[in-house]
Amino acid sequence: MSHVVELRSDTFTLPTPQMLDAARAARLGDDVYGEDPTVRELEELSAKLLGKAAGVLMPSGTMANLAALLTHSPRGGKAVVGAESDIYVYEAGGASVFGGLVYEPVPAAADGTLPLAAVADALEVDREDPQFALPAVLCLETPNNRLGGIPLDTGYLAAAGALARAHGVALHLDGARVFNAALALGVPASDIAAPADTVQFCLSKGLSAPIGSMLVGDEESIADARRYRKMLGGGMRQAGMIAACGIVALTGMIDRLADDHAHARRLADGLAGIPGLRLDAEPPRTNMVFFTVDTDRTAHTTDSLIEGARAHGVHLAELGRGRIRAVTHSGVTAADVDRAVTVLADVMATAPGARW
Ligand SMILES: *Cc1c(COP(=O)(O)O)cnc(C)c1O
C-alpha cells in the first residue's frame with residue numbers, strides 16, 4: 001500500500017525541510033527572560049500580519065485561548081462561546097477550572113455564526129439586576145472547526161465587535177485557521193482581526209509548523225497573557241527552535257493554502273458522485289469537507305465507512321453526530337485526493353466489513 005492519505009486534521013502536517021534548517025540555524029536565548037531573538041521576531045511578525053500592537057508565542061492554541069480568556073475576564077465572569085466551538089467542546093473546560101469563568105454556550109446557526117440576538121441575550125442576562133451582572137468575554141471562531149469550516153464574514157465580525165463594545169466586554173477571536181479564512185474571503189487577515197481585542201491563530205495546522213500558536217492584541221492584553229502563560233507553565237526557554245519554524249510558516253506557507261482549498265473542492269466534487277454519501281450543501285469554503293453516511297440508502301454506518309477507509313490507507317474522523325470531516329493540508333496532494341475518492345467509492349460499493 002502506498003502512503004497514508006491523512007485527512008483527519010491539518011494538525012498532522014510535518015515541519016518542512018526549510019523549517020528544520022531554520023530551527024537548526026536559529027539564534028536562541030532564554031525567552032522567559034525575553035531574550036530569545038527568534039521568538040521576538042516571530043511575535044513582531046505575527047502582530048504586524050494581524051494588525052495588532054503585540055504578540056506572544058504560546059505552546060498551543062488551547063493555551064492561547066485560555067490565556068486570553070483569563071486576561072479578559074476576572075473570576076466569576078462569563079465566557080460567551082459557541083456551543084460547537086473548539087473552546088467549549090475540546091479545551092477541557094480550562095477557563096472554568098483555572099479561571100473560575102462560567103461558560104455560556106450559544107447555539108450556532110447552520111453557517112457557524114452565533115446569532116447576534118442570542119449573543120446580546122447572553123450578554124444582557126443580568127440587566128434586571130445589574131449589581132450582580134457578570135463581567136464577560138465574547139469568543140468567536142473563524143473559520144469554524146465543526147460546522148463546515150466556514151469563515152465569518154467581516155461585516156458579521158464588525159457587528160459582533162460593536163455589540164461586545166456596547167456591553168463593555170472584550171471580543172476574543174479563535175482564529176486557529178485565520179489565514180484560511182482570509183484566503184476564502186479575499187481580505188488580509190488584519191481585516192478579520194480588526195474588531196477583536198485578541199486573536200489566537202495556530203502555526204501547527206495548515207501552516208505546517210510542528211508546535212505553537214500566537215496570541216496577538218494590544219500591548220496591555222498581551223503583557224497580561226504573557227503572565228498567564230508563565231502561570232500555566234507555558235514559559236519556554238530556547239523557544240526560538242519553535243519560533244524559527246513559525247517564521248517559515250508565516251513567510252512561506254500562507255500562499256500555498258490555496259492548494260488546500262482547491263483540493264477540498266476537488267474532494268467534495270469526487271465524494272458528491274458516491275451513492276450513499278450526503279455532502280454538505282455548500283461547496284467547501286476552506287480546507288474542510290463535511291459529509292454523512294446516508295443510512296437510508298446504504299448498509300454502511302459512519303464507523304464502517306471510517307474503518308473501511310482506514311483499512312485502505314485513508315484516514316477520516318467523525319466530528320460529532322455522525323458527521324465525517326476530511327481536512328486537506330500540505331501533506332495531501334491532488335493524487336491523494338483522487339485516491340481517497342476511489343477508496344471511499346470502493347468501500348461504499350462493498351458490504352460493510354467485507355475485505356477486498
Ligand atoms: C486546533 C484548534 C484549537 C486548539 O489548538 P491546539 O494547538 O490544538 O491546542 C483552537 N481552536 C480551533 C478552532 C482549532 O481548530
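For ligands, and for the atoms within them, numbers begin at 1 and follow the listed sequence.
A search for side chain to side chain contact (heavy atoms under 4.5 Å, CB included) contacts involving A79 returns L69, V81, L101, Y103, V137, not counting sequence neighbours.
For atom 7 (O) of ligand 1, the closest non-hydrogen atom on the protein side is G61 N, 2.8 Å.
In I87, neither the side chain nor the backbone holds a heavy atom less than 4.0 Å from any atom of ligand 1. Both the backbone and the side chain of T62 come within 4.0 Å of ligand 1, counting heavy atoms alone. Contacts with ligand 1 closer than 4.0 Å are made by heavy atoms of both the backbone and the side chain of S60.
For E84 and R323, the salt-bridge test fails: no basic side-chain N is under 4.0 Å from an acidic carboxylate O. At a threshold of 4.0 Å, the pair R256-D260 counts as salt-bridged, since one of the basic side-chain nitrogens sits closer than that to a carboxylate oxygen.
Close contacts between ligand 1 and R177 involve ligand atoms 15 (O) [criterion: under 4.0 Å to a heavy atom]. Proximity to A176 (heavy-atom distance under 4.0 Å) selects the following atoms of ligand 1: 2 (C), 11 (N), 12 (C), 13 (C), 14 (C), 15 (O). Under a 4.0 Å criterion applied to the non-hydrogen atoms of N65, ligand 1 contributes the atoms 10 (C). For ligand 1, the atoms sitting less than 4.0 Å from at least one non-hydrogen atom of E141 are 13 (C), numbered in the order shown with element in parentheses. Remark: ligand 1 atoms within the under-4.0 Å shell around heavy atoms of C202 are 5 (O). Within the listing of ligand 1, atoms 10 (C), 11 (N), 12 (C), 13 (C) sit less than 4.0 angstrom from a heavy atom of D174.
Other residues, nucleotides and ligands contribute only 12 or fewer heavy atoms inside 6.0 Å of the OH atom of Y88. Residue-environment remark: CE (M348) exceeds the threshold of 12 foreign heavy atoms within 6.0 Å.
Among the atoms of P143, none of the N or O lies under 3.5 angstrom from an N or O of ligand 1. For ligand 1, the polar-atom distance check finds no N/O of T11 at less than 3.5 Å from any of the ligand's N/O atoms. The shortest N or O to N or O distance between K205 and ligand 1 is below 3.5 Å.
Of the possible donor and acceptor atoms, one in the side chain of R40 sits under 3.5 Å from a partner among the backbone N and O of G34. With T142 contributing its side chain and L152 its backbone, the two residues share a donor-acceptor pair below 3.5 Å.
Classified by interplanar angle (parallel below 30°, tilted 30° to 60°, perpendicular above 60°), the ring pair F201/F179 is perpendicular.
Using a 4.0 Å cutoff on heavy atoms, M63 does not count as a contact of ligand 1.
Between the side chains of T13 and D10, no donor-acceptor pair of N or O atoms lies under 3.5 Å.
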